[in-house]
Each structure stands twice: as C-alpha cells, then as structure tokens.
Amino acid sequence: MKKFKFTINGNVYDAEVLKIEDNIAKVEINGTKYNVEIDRQIAPTKTPKLVRSYKPAGMVPTVEEKSTVAETKLKSPLPGIIVDVLVSEGSVVKKGDRLVVLEAMKMENNIDAPSDGTIKRVFFKKGDSVLEGDILMEIGG
C-alpha cells in the first residue's frame, strides 16, 4: 500500500502499510509484520453496493400475485442496462438457456436460466436500467 522510512533516535526503520481493515492496520517494519490498532475509525474505501431504496410500481410482484407452484426469481447480479431480453412471458426454457443480456461496466453479461421452467413474468425490457438485486423475471416450474 504505502512505504515509509522513519529515523528514531538514529535508528532507521523501513515501514510498509500492507492493509487496513476497520481500525486494524497490518504493517511490516524492517521485515517483521504487526497488527496495529488505530485510535479512530477509518472510513471504508470499498465501492458501495447499489440497490434500490424503493420498489417501482408494477416491477415487483405482491404476495397475492405469487402462485403456489415453486418459482425462481431471476435477479440482476450487477447494476447495468438491459441490452436484450431473449424470452417472453410463456416461453419454455431449459437450464442454461440465455435469457437476458446485461451491460455492466462496459461489458455484456449473459444471464442464463438457473433451472428448467416457463417464464411467468418479465419485469424489464430492452434499454431499462437495473440495480443489483432487481428481479428481472420469474420462472415457474
């Protein structure tokens, strides 16, 4: 991460900060590794996870709309834009069939059927933006 050179009472120390998690820093000083507790909480630098804070009308089924047949809810693994929807409601699919193409981080990601079944509902169309965890479609048994 970062390297430092300290001189304390005439002694030279080579220090390297290897990793910081929460308030613990892993450092190496003259070849010896230490876990150092930091007095204050360090703000995390991880990329935030993008999720919807609300449920858009008509996009998420209500409890009454769920059937008793086992259903699989296919969720978006990443935030992105729907490039193509390759199936429609009523389509019969096999495990591994390509269902949706999602553009995320300038890459196209193929989303395949996790199981055999029939497409019960499709919640997004080509060109729609989705966030991680949004339900793209329901597959019934």
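Computed from heavy atoms alone, side chains included, the values below leave out hydrogens, waters and symmetry copies. Quick caveat: nothing in here was measured; it's all calculated off a predicted structure. Just so you know, residue 1 is the first one in the sequence shown, and it goes up from there.
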Legend entry - Counterpart residues, salt bridge (charged side-chain N to carboxylate O under 4.0 Å, His left out), relative to D14 (two or more places apart): K5
Legend entry - NZ-CD distance between K19 and E28, expressed to the nearest 0.5 angstrom: 14.5 Å
Inset, instruction - Apply side chain to side chain contact (heavy atoms under 4.5 Å, CB included) to S76 and L102, showing your working. - result: CA-CA 8 Å; S76 176; L102 174 72; 3.6 Å; yes
Legend entry - F6 vs V12 side-chain heavy atoms within contact, under 4.5 Å: no
Legend entry - Minimum heavy-atom distance between A113 and K94, given as atom pair plus value: CB-O, 3.4 Å
Inset, instruction - To the nearest 0.5 angstrom, please state how far the OH atom of Y13 sits from the OG1 atom of T7. - result: 9.5 Å
Legend entry - Closest heavy-atom pair and its distance - I81, S129: CG1-OG, 4.0 Å
Inset, instruction - Give, for atom CG of L86 and atom CD1 of I111, the distance between the pair rounded to the nearest 0.5 Å. - result: 10.5 Å
Inset, instruction - For residues F124 and M137, determine if any side-chain heavy atom of one lies less than 4.5 Å from a side-chain heavy atom of the other. - result: no
Inset, instruction - Mind checking the CG-CZ spacing from N110 to R98? Nearest 0.5 Å is all I need. - result: 3.5 Å
Legend entry - Validation row: P114, I139 side chains within 4.5 angstrom (heavy atoms): yes
Legend entry - E132 and L78: CA distance, side-chain angles, deciding distance, side chain to side chain contact (heavy atoms under 4.5 Å, CB included) verdict: CA-CA 4 Å; E132 181 177 346; L78 299 164; 5.6 Å; no
Inset, instruction - May I ask you to decide if V122's main-chain N or O and E89's side chain share a donor-acceptor pair within less than 3.5 Å? - result: yes
Legend entry - Donor-acceptor contact present, side-chain N35 to main-chain K26, <3.5 Å: no
Inset, instruction - Looking only at non-hydrogen atoms, find the nearest pair between A104 and P79 and report the distance. - result: CB-O, 3.3 Å
Legend entry - Shortest non-hydrogen separation from A25 to I20 and the atoms involved: CB-CG1, 4.0 Å
Inset, instruction - Show your working on side chain to side chain contact (heavy atoms under 4.5 Å, CB included) between I82 and V101 and close with a plain yes or no. - result: CA-CA 6 Å; I82 302 293; V101 179; over 6 Å; no
Legend entry - Audit row: F4, V17, side chain to side chain contact (heavy atoms under 4.5 Å, CB included) steps and yes/no: CA-CA 8 Å; F4 301 93; V17 178; 3.9 Å; yes
Legend entry - Gap between atom NZ of K33 and atom CD of E16 - 0.5 Å precision: 9.0 Å
Inset, instruction - Compare every heavy atom of I135 with every heavy atom of K73, then report the nearest pair and how far apart it is. - result: CD-CD1, 3.6 Å
Inset, instruction - Would you give the length of the straight line joining atom CD of E103 to atom CD of E108, rounded to the nearest 0.5 angstrom? - result: 6.5 Å
Inset, instruction - Specify the closest pair of heavy atoms between A15 and I29, including all atoms of both residues, with the distance to one decimal. - result: CB-CG1, 4.0 Å
Legend entry - Heavy-atom side-chain contact between V130 and L136 under 4.5 Å: yes
Inset, instruction - Could you tell me whether the side chain of E37 reaches within less than 4.5 Å of the side chain of I24, counting heavy atoms only? - result: yes
Legend entry - Note, L99 side chain near L74 side chain (heavy atom, < 4.5 Å): yes
